[in-house]
Structures are given as C-alpha cells and as structure tokens.
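Here is the structure we will look at.
Computed from a predicted model, the values in this text were never measured in an experiment. Letters go in sequence order (proteins before strands), and every chain restarts at 1.
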There are 2 protein chains.
Amino acid sequence: MKLDPQEIEARFRRHAVRVTRQRAAIYAALAETTSHPTAEDLYRTVKRQHPMMSRNTVYYTLGVLRQAGLAQEVNVGHEVARFDGNVAVHHHLVCLGCGQIVDVMDDGLNQLAISSRQARGFHVLGHRVEFHGYCADCQPAGLSAMDRRG
Amino acid sequence: MKLDPQEIEARFRRHAVRVTRQRAAIYAALAETTSHPTAEDLYRTVKRQHPMMSRNTVYYTLGVLRQAGLAQEVNVGHEVARFDGNVAVHHHLVCLGCGQIVDVMDDGLNQLAISSRQARGFHVLGHRVEFHGYCADCQPAGLSAMDRRG
DNA sequence: TGCTATGTAGGAATCATTCCTGTCTAGTGG
DNA sequence: CCACTAGACAGGAATGATTCCTACATAGCA
Ligand SMILES: [Mn+2]
Ligand SMILES: [Mn+2]
Ligand SMILES: [Zn+2]
Ligand SMILES: [Zn+2]
C-alpha cells in the first residue's frame, strides 16, 4: 500500500533518522511491498524517480534504517541479502523453486522457547523460523494432489 | 570424535560418493567437529595433512557431500557459509557476540507446523529454527544475573 | 590392466558488498 | 534568514567468498 510522505517523515523523525529525498524513496519502496526485495531491486525501483541515486546510498540507507529499527535483513539460504520493511515479529515461508518469501504471522511461533538444558548458558534474545517448500506455481510435476495433503 | 576411515569409506559408498583421500580428509574434518566450520576453516585444517589441497576441492567436495546428503550448509545472518556434518534434523543457537553455533536437538521444534491458511498453497517440506542470543562468555556487561533469568 | 568419467590444483573471473574521497545538504543555533 | 558542521551522497575502487576454467591425475569398472 502507498505510504504517505508525511508518515515517512514522521517515522524518520521518531527514530532520529535524517530526512532526505533518497531515504524517503528507498524506505517507501521497501515499506510498500511485501516481496522482501534485494538492495539491487530497491536500487532499480528507486532509480526511476531518482536517476542520480547510487547503489552506495541504497546500501548505506539500508544500514541506517536497520540500526534505527525501521527495516530488517532477511536471509534465506546463502543468496543475496533481502530486506523487509515489516519490523513486527514474524517468520517466513520460502519457495525453493522461485525464491519468493512470504510472511508468516503466527503468535504460536513467536512463543517458541528452548529448554534451559539446551540453552547451554546462552541468554536467548529471539528466534527465527523459516519454512521451506514449493509455492503453488512451482510444485514439481511429479507431486500429486495426494502427496500435497496434510 | 575421531571417525574410522573404514566408516568414512562405507558412508561414501553407501551414498555413491567416490572415495578419494581429499574427500575423506574433508569429510573427516567436518564430521568430527560440532563447530560448523567455514570452507576456509576446513581448508586450513585439511591442508596440514594434504599440503596440495586446493580451496576449489574443498568447495567442490562440500557440494558433492551436500548433494549426497552427507553434509548440509548452515546459514546464519549473512556471514560466510558454514557447514554441518550432522545431517539429522536439528536446529541451532547462535551467539551474536562470537558467532559460535550450537546444536539444538529438540523433538518439539521438529514438529512445528504452519496453518493451512498461512501456507498460501505452498507444499511445505521442512523448516529451520534459529535462536539467537549471547553465550556465557559474551554476555554484555550491563546484563545482570537477574535479567538472565527465565 | 586400460578406459573413461570424475576429481583435483591452481589460477582467473564474478559479483554482492564495503571502502574511499570529494562534494553537498539537513538540521541547528545565532 | 544565514552560516556551520556532522552527516549524507555519488561515483569509483577495493574486497573477498565463491564459482568458473582448464590441463592433468585417478577411481571405479570391464
Ligand atoms: Mn517479512
Ligand atoms: Mn548443527
Ligand atoms: Zn515458487
Ligand atoms: Zn559468544
């Protein structure tokens, strides 16, 4: 959904992030999609309105947004970094075929704990769950509807 | 624990992996540790016994072992790839301070499911849970024992 | 024991990300 | 409203893990 420039500016100020055209454009591109774009995706998107935009600014800005808590990095497998403007606690479902990443909002998953015996003295701060499988468009041919049940 | 060369050869043959000194050495180094080493770690370890070993062979072999189901890649954050000779289904606990990765074997975590409403037509094959926090050696100074409870 | 598909060593190439440097400007205080 | 300065920007160079390429070696098999 389209994000009001005023709202973007308000969020930046609330998080002590300096307001610039480039940042607003990058954040808008990130926050208005649920596709978990790469830095390069954002660069291409934003370059349409800002032809002078450099990749460096995209990377730098993503770092700033991340530190400010306005964005997070999502890592799937060892592919290029993908970014998420949704900073609510949530998890992901990844298609092994086309690489798309879908949000999974599920309170149950947010409650996962680890037994203290397994915690090995760690102070655990959080966790991340990543489901993988094939999306409807990528189901391998040999996979029948029956196999898909459950 | 030390792994018998005979056992290594047996596993290779069972998984239709050609037996070479280099592979046996790489697999031994990987399977005898629980530290989830990087390719570079394995290269350095194995190079002591095999001075001619090339990095390429390490990468190539890790690919072969992975396809054969004798190793898996573990990705934490966007750091360099780490490898795991433990192919049983299990999860990980990552220290945000020193980067160490500890195995978490917990049947409960292996049972996680996703509601069909959230599955969005995906055929889900598996999932991965990654806990993060600070290990005993890396607990931030400001963190008291009280905070650590729970 | 020889053949052939595969593996290996070493070096070049790739490419996402980071680093560097010289402008430029948002925010601020006078 | 103006000037100052910390921080942001563009563009290009550097980095570094991983992959690619190629000529030589060897495991597995008849
Ligand atoms: Mn998300
Ligand atoms: Mn493990
Ligand atoms: Zn797909
Ligand atoms: Zn630690």
Side-chain angles (χ1 to χ4, degrees), chain A residues 5-6 8-27 29 36-44 46-68 70-83 99, chain B residues 5-6 8-27 29 36-44 46-68 70-83 99:
Chain A
Q6 311 250 320
I8 292 174
E9 184 172 337
R11 290 189 194 176
F12 280 14
R13 296 208 188 280
R14 218 177 300 136
H15 288 82
V17 170
R18 279 208 193 181
V19 181
T20 70
R21 307 157 184 290
Q22 290 93 335
R23 280 179 186 185
I26 293 164
Y27 180 69
H36 307 88
T38 65
E40 185 68 20
D41 291 338
L42 292 168
Y43 173 66
R44 281 200 307 270
V46 145
K47 189 143 195 176
R48 290 198 294 263
Q49 306 292 332
H50 297 263
M52 303 302 282
M53 176 77 60
S54 82
R55 275 183 187 76
N56 185 40
T57 299
V58 175
Y59 281 104
Y60 181 76
T61 297
L62 286 169
V64 169
L65 294 176
R66 207 139 58 92
Q67 278 198 283
L70 286 169
Q72 61 173 316
E73 196 174 334
V74 175
N75 300 110
V76 28
H78 224 257
E79 292 159 17
V80 304
R82 298 181 62 164
F83 296 87
Chain B
Q6 311 250 320
I8 292 175
E9 183 172 336
R11 290 189 194 175
F12 280 14
R13 295 204 189 281
R14 220 178 297 137
H15 292 261
V17 170
R18 278 205 192 184
V19 181
T20 69
R21 306 159 185 291
Q22 290 93 334
R23 280 179 185 184
I26 293 164
Y27 179 69
H36 307 87
T38 65
E40 186 69 20
D41 291 337
L42 291 168
Y43 173 66
R44 281 201 307 270
V46 143
K47 190 143 194 176
R48 290 200 292 263
Q49 305 293 331
H50 298 262
M52 302 303 283
M53 176 77 61
S54 82
R55 277 182 185 77
N56 185 43
T57 299
V58 174
Y59 280 104
Y60 181 79
T61 297
L62 286 169
V64 168
L65 293 176
R66 207 140 58 94
Q67 278 198 283
L70 286 168
Q72 61 173 316
E73 198 173 334
V74 176
N75 301 109
V76 28
H78 224 256
E79 292 160 16
V80 305
R82 299 181 61 166
F83 296 87

Checklist entry - On DNA chain C, nearest-nucleotide positions of B:H78 versus B:M52: which is more 5'? => result B:M52
Next on the checklist: Whether B:Q22 contacts D:dT26 is assessed here as follows: a side-chain N or O lying under 4.0 Å from the phosphate OP1 or OP2. Is that the case?
Outcome noted: no
Checklist entry - Does a nitrogen or oxygen in the side chain of A:S54 sit under 4.0 Å from OP1 or OP2 of D:dA8? => result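 No, A:S54 has no side-chain N/O under 4.0 Å of OP1/OP2 on D:dA8.
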Rounded to whole angstroms, how far apart are [atom1] on [X] and [atom2] on [N]?
| X | N | atom1 | atom2 | value |
| --- | --- | --- | --- | --- |
| B:H50 | C:dG7 | NE2 | C1' | 14 Å |
| B:R18 | C:dG7 | CZ | C1' | 7 Å |
| B:N56 | C:dA12 | CG | C1' | 12 Å |
| A:Q67 | D:dA8 | CD | P | 10 Å |
| B:R44 | D:dA17 | CZ | C1' | 13 Å |
| B:L62 | C:dT8 | CG | P | 11 Å |
| B:Y60 | C:dT6 | OH | P | 8 Å |
| B:R23 | D:dT26 | CZ | C1' | 12 Å |

Checklist entry - Nearest heavy-atom pair of A:R66 and A:F83: which atoms, and what distance? => result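 What the structure gives for the nearest pair is NE-CE2, 4.4 Å.
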Item to check | Nearest non-hydrogen partners of B:R23 and B:F12, listed with the distance | outcome: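 Minimum heavy-atom separation between B:R23 and B:F12: CB-CE2, 3.5 Å.
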Any base atoms under 4.0 Å from [X], or only sugar-phosphate, or nothing? Heavy atoms, all strands.
| X | result |
| --- | --- |
| B:R13 | sugar-phosphate |
| A:V64 | nothing |
| A:T38 | nothing |

Checklist entry - Of A:R11, A:Q6, A:R13, which is the lone residue that meets side chain to side chain donor-acceptor pair (under 3.5 Å) with A:E9? => result A:R13
Checklist entry - Of all the nucleotides listed (D:dA10, D:dA8, D:dT18), which has the minimum atom distance to the side chain of A:T20? => result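 Closest of the options to the side chain of A:T20: D:dA8.
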Checklist entry - Taking for each residue the nucleotide of DNA chain D bearing the nearest heavy atom, is the 5' side occupied by B:V19 or by B:V80? => result B:V80
Checklist entry - With nearest nucleotides of DNA chain D determined for B:Y59 and A:T57 from heavy-atom distances, which residue corresponds to the more 5′ nucleotide? => result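 It is A:T57, whose closest nucleotide lies nearer the 5' terminus.
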Checklist entry - Are side-chain heavy atoms of A:D41 and A:R82 found at a separation under 4.5 Å? => result no
Next on the checklist: Can you confirm whether B:Q22 sits close enough to B:T61 that some side-chain heavy atom of one is under 4.5 Å from a side-chain heavy atom of the other?
Outcome noted: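 SC-SC contact between B:Q22 and B:T61 ruled out.
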